[in-house]
Amino acid sequence: MRTEEFIKLEDKLGAHNYKPLDVVLTKGAGVWVWDVEGKKYLDCLSAYSAVNQGHCHPKIMEAMVEQASKLTLTSRAFRNDQLAFFYQELCELTNSHKVLPMNSGAEAVESAIKTVRKWGYEVKGVPRGQAEIIVCSENFHGRTLSIVSFSTDPKSRDGFGPFTPGFIVVPFGDIDALEQAMTPNTVGFMVEPIQGEAGVIIPPAGYLKAAKALCEKNNVILVLDEIQTGLGRTGKLLAEEHEGIEADLTLVGKALSGGFYPVSAVLSNTEVMDVLQPGEHGSTFGGNPLGCAVSRAALKVLVEEKMVENSEKMGALFLEKLQQIDNSLIKEVRGRGLMIAMELSEEAGGARQYCLKLKEKGLLCKETHDHIIRFAPPLIITKEQVEWAVDNITGVMAG
Ligand SMILES: *Cc1c(COP(=O)(O)O)cnc(C)c1O
């Protein structure tokens with residue numbers, strides 16, 4: 001089938017909850033993907049940072065095939081011989097005490113909300129039903145009903161009520177607002193270290209450190225949603241390292257499986273995680289041997305192949321070169337590691353047309369909001385590939 005036929009069939013039979021670029025991909029390897037017409041593209045989205053390790057990494061693929069031929073799913077009614085090693089390796093790498101395995105990112109967020117609320121009632125002593133969790137404006141934590149209940153994006157929320165109560169929204173990056181929002185019933189503060197979907201919004205230096213101190217002072221659990229920023233994207237294994245802090249709960253997903261399988265996790269200190277008792281939370285697929293084996297390989301190659309270091313280096317180069325582009329249509333280029341955004345000015349007339357032109361040049365990226373283009377290639381990108389990307393971006397912006 002040709003591109004047009006795939007699109008026609010998809011649009012006829014599928015829910016229209018996405019507006020993808022009209023490119024139908026059939027193959028991927030490293031930073032590259034190919035469409036059904038045989039055209040090759042540099043992937044500058046990485047499935048929203050789920051393929052940090054590059055497409056179809058051979059070692060992750062090998063682990064997946066091997067495990068798939070042995071045992072894929074037991075449910076947690078029984079134990080499996082991958083889960084303990086998955087816990088051990090993930091804890092060692094991230095300096096965590098305990099892990100709760102789930103599948104999608106949204107499930108990790110939901111799990112954190114439940115865990116933090118329960119901690120609030122059982123350990124902090126908040127009256128039942130009164131727990132408050134503080135979140136930030138312009139947040140993105142997923143698409144489930146409880147999560148969109150505290151979204152400030154009308155598109156994510158409108159028409160989906162009634163909503164889950166118990167959330168307080170404060171402006172992102174505003175430490176005074178956070179302090180004022182805390183009450184004796186506050187159990188958690190959940191925040192993205194850098195807001196990805198909002199357009200790579202980096203908070204003022206010291207914000208997370210101050211938030212951590214405030215949480216400690218008020219006996220509040222700091223939950224960092226590192227589903228997008230984590231696992232090397234920002235040039236550190238976890239973005240919290242930029243501020244030298246450790247969250248009480250850290251959420252990871254996306255690149256945790258290198259894009260092969262949905263695997264997410266809540267990483268926690270012992271005190272908080274220990275409030276969960278048998279039967280109080282779970283998931284049929286969470287912690288399954290196939291997901292664990294895939295994830296173990298995904299973490300291994302991230303470390304062994306020094307992808308985090310490469311993200312820092314190539315990110316700095318990409319950012320610097322984009323910032324050097326002299327074009328009045330570009331309002332600002334910002335980023336950390338390989339999480340980069342180019343914000344266009346009013347007169348550029350929207351980001352999508354540039355994404356379409358870049359697609360023609362063989363570079364895939366996606367607008368976020370109307371006027372921001374995000375560049376987030378796999379962390380294995382080379383200097384030559386960064387330079388090639390920048391040349392094309394420069395050309396497309398020049399018209
Ligand atoms: C993608 C993302 C999620 C949701 O993950 P899903 O796997 O799509 O449910 C949550 N938080 C952040 C910061 C994300 O980028």
Side-chain angles (χ1 to χ4, degrees), residues 15 17-18 20 45-52 100-116 133 135-153 155-157 160 164 167 169 172-173 188-203 208 222-234 236-240 242 247 249-267 283 285-286 288 291 294-295 298 335-341 365-369 372 374-376 378-379:
N17 55 329
Y18 277 92
L45 185 67
S46 308
Y48 298 98
S49 296
V51 286
N52 283 359
L100 172 66
M102 297 298 283
N103 310 287
S104 68
E107 282 178 306
V109 175
E110 289 276 350
S111 304
I113 292 169
K114 287 175 70 176
T115 310
V116 166
I133 294 176
V135 296
C136 287
S137 55
E138 311 300 319
N139 67 72
F140 183 84
H141 297 287
R143 298 293 194 169
T144 62
L145 196 44
S146 284
I147 295 173
V148 301
S149 293
F150 54 83
S151 172
T152 58
D153 171 21
K155 263 197 179 166
S156 302
R157 249 177 84 92
F160 296 123
T164 306
F167 300 98
V169 182
F172 181 62
F189 171 51
M190 181 163 67
V191 64
E192 301 154 80
I194 296 173
Q195 290 187 325
E197 295 318 291
V200 188
I201 310 298
I202 304 171
L208 292 178
L222 175 63
V223 184
L224 285 186
D225 180 346
E226 297 239 26
I227 291 167
Q228 189 162 149
T229 55
L231 305 176
R233 177 51 59 189
T234 72
K236 301 271 186 203
L237 184 79
L238 295 173
E240 66 177 16
H242 291 291
L249 294 194
T250 300
L251 312 181
V252 287
K254 293 200 166 114
L256 187 54
S257 67
F260 278 79
Y261 203 85
V263 182
S264 67
V266 181
L267 311 173
S283 160
F285 278 82
N288 73 77
V294 164
S295 184
R336 189 157 287 163
L338 281 167
M339 188 173 185
I340 297 172
C365 57
K366 184 82 166 58
E367 76 275 12
T368 172
H369 295 279
I372 301 169
R374 174 173 25 189
F375 298 109
L379 308 185

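In each ligand, atom 1 is the first atom listed, and ligand 1 is the first ligand listed. This structure is a prediction, so every number in the text was calculated from the model and none was measured. Along the sequence shown, residues carry numbers from 1.
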Original post:
Can you check side chain to side chain contact (heavy atoms under 4.5 Å, CB included) on Asn139 and Phe172, steps first, answer last?
Top reply: CA-CA 8 Å; Asn139 67 72; Phe172 181 62; over 6 Å; no
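The pair Arg233-Glu226 fails the salt-bridge criterion, with no side-chain N (NZ, NE, NH1 or NH2) lying under 4.0 Å from an Asp/Glu carboxylate O.
For atom 9 (O) of ligand 1, the nearest non-hydrogen atom of the protein is Ala106 N, 2.8 Å. Remark: minimum distance from atom 11 (N) of ligand 1 to any protein heavy atom is reached at Asp225 OD2, 2.7 Å.
Remark: side-chain polar atoms of Asn52 are not paired, donor with acceptor, to backbone N or O of Gly232 under 3.5 angstrom. Between the side chain of Thr115 and the main chain of Ser111, a donor-acceptor pair closer than 3.5 Å is present.
For the atom pair CG of Leu224 and CD of Glu192, the computed distance is 10.0 Å after rounding to the nearest 0.5 Å.
Applying the 6.0 Å contact sphere to CZ of Phe285 captures no more than 12 heavy atoms from other residues, nucleotides or ligands.
Atoms of ligand 1 found under 4.0 Å from any heavy atom of Ile227 (numbered from 1 in listed order, with element): 2 (C), 3 (C), 10 (C), 11 (N), 12 (C), 14 (C).
Residue contacts with ligand 1 for Lys254 involve side-chain atoms from C-beta outward but no N, CA, C or O (heavy atoms, distance under 4.0 Å). Here His141 has backbone heavy atoms under 4.0 Å from ligand 1, and that is the only part of it that gets that close. Of the heavy atoms in Tyr48, none comes closer than 4.0 Å to ligand 1.
For atom 7 (O) of ligand 1, the nearest non-hydrogen atom from the set Gly230, Gly105, Ser49 comes from Gly105.
At least one N/O-N/O distance between Gln228 and ligand 1 falls below 3.5 Å.
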